[in-house]
Amino acid sequence: MENTNEASFYQEYEVFSKKSVKAPIQHQFSLLAPNEEMALSMAVENFMRREDVLDVWVVKRSNIRAMTSEERMNWTKRLDNKDYRRTKGYGYLRQKWKEKEQGMLDEKEIMSWKEVKKK
Amino acid sequence: MYIYSGASQPEESSHVDDQEKYEQFMARIEAGEKIEADDWMPDDYRQALIKLISMHGISEIMGALPEKEWVPKAPTLKRKLGIMAKVQDEMGHGQLLLRVAEDLMRPYGKTRGDLMDDLLSGDLKFHNVFHMPTKTWADAGMVGWLVDGAAIISQTNMLDASYGPYQRALQRICQEEVFHAQHGEAIIMALAEGTEHQRQILQESLNRWWSALLMFFGPKSADTTGSSKQDIMIKYRIRKSSNEELRQAFLDKYLPRVFSLGLTVPDETAHYDEEKGEWVYQQPDWNEFKQIIKNKGPRSKERLRLREVAYENNRWVRQALTSEAVGS
Amino acid sequence: MMPVETAEEAKKDATYLKALKDLIYQCADDDFIISFRGSEWLGLAPHIEEDVAFSSITQNTMGHAVMFYSLLEELGEGKADALAHERQPDERRNAVYLEKKNGEGSYLGEPYYDWALTVVRNFLYETFKKVKLKAITNSSYQPLANVAEKVLMEQPYHLSHWRIWVEQLLASTEDARSRLEERLEEAWYAFGDVLELGQYATEMEHFQLMIGEDELKELWLEEVKTTIKDLPNGTPKKQLGSGREGEHTADFDQALEVLSEVYVSDENAIW
């Protein structure tokens with residue numbers, strides 16, 4: 001009994017939390033725990049003692065398929081030639097609409113459409 | 001094998017492939033990029049990090065002990081809660097840092113248990129200040145104010161460290177240190193503005209801690225004690241400044257405050273030399289420093305014993321929840 | 001019974017006031033002594049992550065004690081700090097089982113603290129605290145009912161934390177299970193006074209400050225049974241004495257000496 005190896009007590013868990021209803025879940029840090037119940041019970045007080053927390057995830061690290069160092073190096077670089085998928089590629093419309101005495105439906109305008117006139 | 005003591009191994013770059021990787025690595029850190037745990041890194045970088053971060057982490061865990069002596073004794077409900085939260089943070093900092101060190105030790109198959117074993121066997125050292133006694137409540141304040149002040153100076157100096165996980169842990173730690181600084185100041189302020197007895201224990205405490213505080217940053221150069229890691233730390237962009245620069249920054253920030261409280265330091269020669277633009281002070285006894293960090297300081301044995309009893313006595317708990325035992 | 005809204009109102013009826021103060025002292029002193037025992041553990045727990053989590057629970061619990069002491073301050077009993085640090089053992093109302101040392105040795109040297117005792121004690125206590133405070137939310141003394149309501153906001157985490165420890169250790173090795181069972185046996189000899197309400201129990205019920213002792217005991221036992229199926233027989237005895245009556249052990253003297261060491265070292269000091 002005395003000599004039982006305790007190495008498997010130390011399992012690695014990644015901890016994620018959500019600060020507010022509008023915030024996405026965010027990675028905090030990792031901790032060691034013997035199982036996920038324990039990991040969850042320790043997570044909040046280890047990493048979020050001074051911030052709001054509405055939800056917590058703990059994920060066993062071995063269950064995460066993360067990019068390897070090489071994949072990060074090779075898969076995360078992009079050419080800067082994709083204006084067509086951003087508003088930047090359509091900026092000329094502002095002038096066109098102006099000529100027709102119309103405003104541009106830009107991000108600011110569209111995000112302000114949360115409310116429409118009540119009937 | 002990872003190496004805790006002795007000089008770090010020289011970079012072996014005979015292999016062409018490694019040479020290329022090494023150059024790429026240096027280019028990355030020089031461009032301010034962060035290295036992650038599974039990125040290629042030179043052996044001496046990994047070993048310097050393991051040594052630095054495991055010592056930093058275990059020092060937080062050991063550092064909880066001297067202050068903790070005063071946790072149950074703190075004089076008011078508010079102070080009891082404040083110092084408890086502060087010492088809890090130190091344990092929490094140890095947690096963050098040991099996680100970072102553990103991930104670096106992964107290639108060697110080492111885990112938390114090995115770090116504890118290395119601490120107890122004397123292979124893993126802890127910081128000189130945590131070998132010192134805390135004799136009165138004023139010492140609890142002094143640790144919070146000046147020892148933490150010194151720690152803040154050395155930790156903030158590494159906030160841009162090239163190793164990502166360490167840098168992120170330090171970011172968290174330094175944010176909490178702001179609370180620690182004010183917690184320490186609050187204890188000290190009450191003593192400094194308090195009764196005769198309170199002022200007296202405060203001054204005695206500062207006298208006791210002075211040389212340990214000077215030693216905190218390590219010797220000016222390797223000539224003093226025979227080894228110093230400051231050059232490799234700077235070369236690999238782990239920290240920015242030398243030991244002496246950090247010590248001077250500490251004296252700059254804190255000595256005027258010490259004097260403003262009507263306190264003195266036990267070194268009559270200590271003063272700011274306007275011409276040189278630096279603080280002049282008597283060197284602490286660096287031989288004593290060497291003894292202290294070899295676990296031959298005033299309280300080294302007792303602190304290690306405390307850690308050992310707590311660790312061994314609770315082993316059954318960890319054994320009970322291993323996956324073998326609970327079958328998960 | 002009409003709700004009593006303020007301290008001033010409570011002071012109008014001497015019997016009501018006595019019963020009320022006794023009840024609040026019990027709540028305050030229980031939380032204070034168990035959080036003191038928790039504070040001795042700091043830095044010495046079986047696992048670093050657990051140490052950090054446990055300390056938050058200890059801080060929360062001491063925070064609850066502060067809230068109860070503040071209610072007593074409003075009732076004219078003196079400053080919260082004086083109530084926590086100056087009162088002699090015979091004035092203390094915490095249950096004796098809660099003052100029991102964490103194990104052999106001391107936090108300053110050779111700390112042979114027992115995690116099994118800590119897990120069992122905290123689980124049984126937090127279960128009791130939940131039941132007791134739930135009852136107090138209906139108390140006729142509004143300021144106390146409000147505090148109970150607030151404390152119950154963060155206390156469920158404490159209970160669930162210790163419940164996980166109990167469940168997991170009981171389901172683990174033979175060694176761990178027998179350590180826990182031994183501590184449970186012990187609790188069945190000593191937990192009795194936790195469940196009591198002291199010399200004003202009848203008045204507390206009469207003034208609707210609190211439910212009666214029998215009901216409290218029953219609710220507690222029911223709740224404990226949802227986690228631990230195999231409990232010792234009967235209900236807990238109080239072989240260490242009754243803290244509710246001001247009886248305390250040498251373990252309490254040790255606690256008092258430590259927790260007030262600095263406080264009493266300079267009577268004129270502001271810390």
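Per chain, numbering begins at 1; letters A, B, ... match sequence-line order.
For residues 112-119 of chain A, an interface with chain B (any heavy-atom pair closer than 4.5 Å) does not exist. Taking non-hydrogen atoms and a 4.5 Å limit, the residue list of residues 168-176 of chain B in contact with chain A, ordered by number, reads B:A169, B:R172, B:E176. Residues of residues 91-104 of chain B lying under 4.5 angstrom from chain A, judged on non-hydrogen atoms, are B:Q95, B:L96, B:R99, B:V100, B:E102, B:D103 by number. Residues of residues 10-17 of chain A lying under 4.5 angstrom from chain B, judged on non-hydrogen atoms, are A:Y10, A:Q11, A:E12 by number.
B:W40 and B:F25 have perpendicular rings, their planes meeting at more than 60° on a 0 to 90° scale where under 30° would count as parallel. Ring orientation note: the planes of B:H183 and B:F179 are tilted relative to one another, at an angle of 30° to 60°.
Salt-bridge formation is detected for the pair B:R315/B:E312: a Lys NZ or Arg NE/NH1/NH2 atom is positioned less than 4.0 Å from an Asp or Glu carboxylate oxygen. Between B:E33 and B:R237 there is no salt bridge, since no side-chain nitrogen of the basic residue lies less than 4.0 Å from a carboxylate oxygen of the acidic one. Here B:D89 pairs with A:R50 in a salt bridge; the nearest charged N to carboxylate O distance falls below 4.0 Å.
Here B:L49 contributes atom CG and B:D44 contributes atom CG; the two are 10.0 Å apart, rounded to the nearest 0.5 Å. To the nearest 0.5 Å, atoms CD (A:E36) and CH2 (A:W57) are separated by 13.5 Å. Expressed to the nearest 0.5 Å, how far CZ of B:R239 lies from OH of B:Y166 amounts to 9.5 Å.
Counting only distance, with no hydrogens or angles, the side chain of B:S59 and the backbone of B:M55 share a donor-acceptor pair below 3.5 Å. Side-chain atoms of B:K34 come within 3.5 Å of backbone N or O of B:A161 as a donor-acceptor pair. Judged by distance alone, with hydrogens and angles left aside, the side-chain atoms of B:K80 form a donor-acceptor pair with the main-chain N or O of B:A74 at under 3.5 Å. In this structure, the side chain of B:R303 does not engage the main chain of B:G63 through any donor-acceptor pair within 3.5 Å.
Each of B:L65, B:L304, B:I61 was compared with B:F126 under the side-chain contact (heavy atoms from CB on, under 4.5 Å) criterion, and only B:L304 meets it.
If you check the side chains of B:Q24 and B:E20, you find no donor sitting under 3.5 Å from an acceptor. The closest side-chain donor-acceptor pair between A:S69 and B:D38, if any, does not fall under 3.5 angstrom.
Within 6.0 Å of the NZ atom in A:K18, the count of heavy atoms belonging to other residues, nucleotides or ligands exceeds 12. Annotation for A:M73: atom CE counts as buried by contact number, over 12 foreign heavy atoms lying within 6.0 Å.
Heavy atoms of A:Q28 lying under 4.5 Å from chain B belong to its backbone as well as its side chain. Residue contact with chain B, scored on non-hydrogen atoms closer than 4.5 Å, is absent for A:M42.
Here A:S8 is the residue among A:A66, A:A33, A:S8 with the most heavy-atom pairs under 4.5 Å with chain B.
Shown here for B:S162 and B:Y236, the closest heavy-atom pair between the two residues is OG-O, 2.8 Å.
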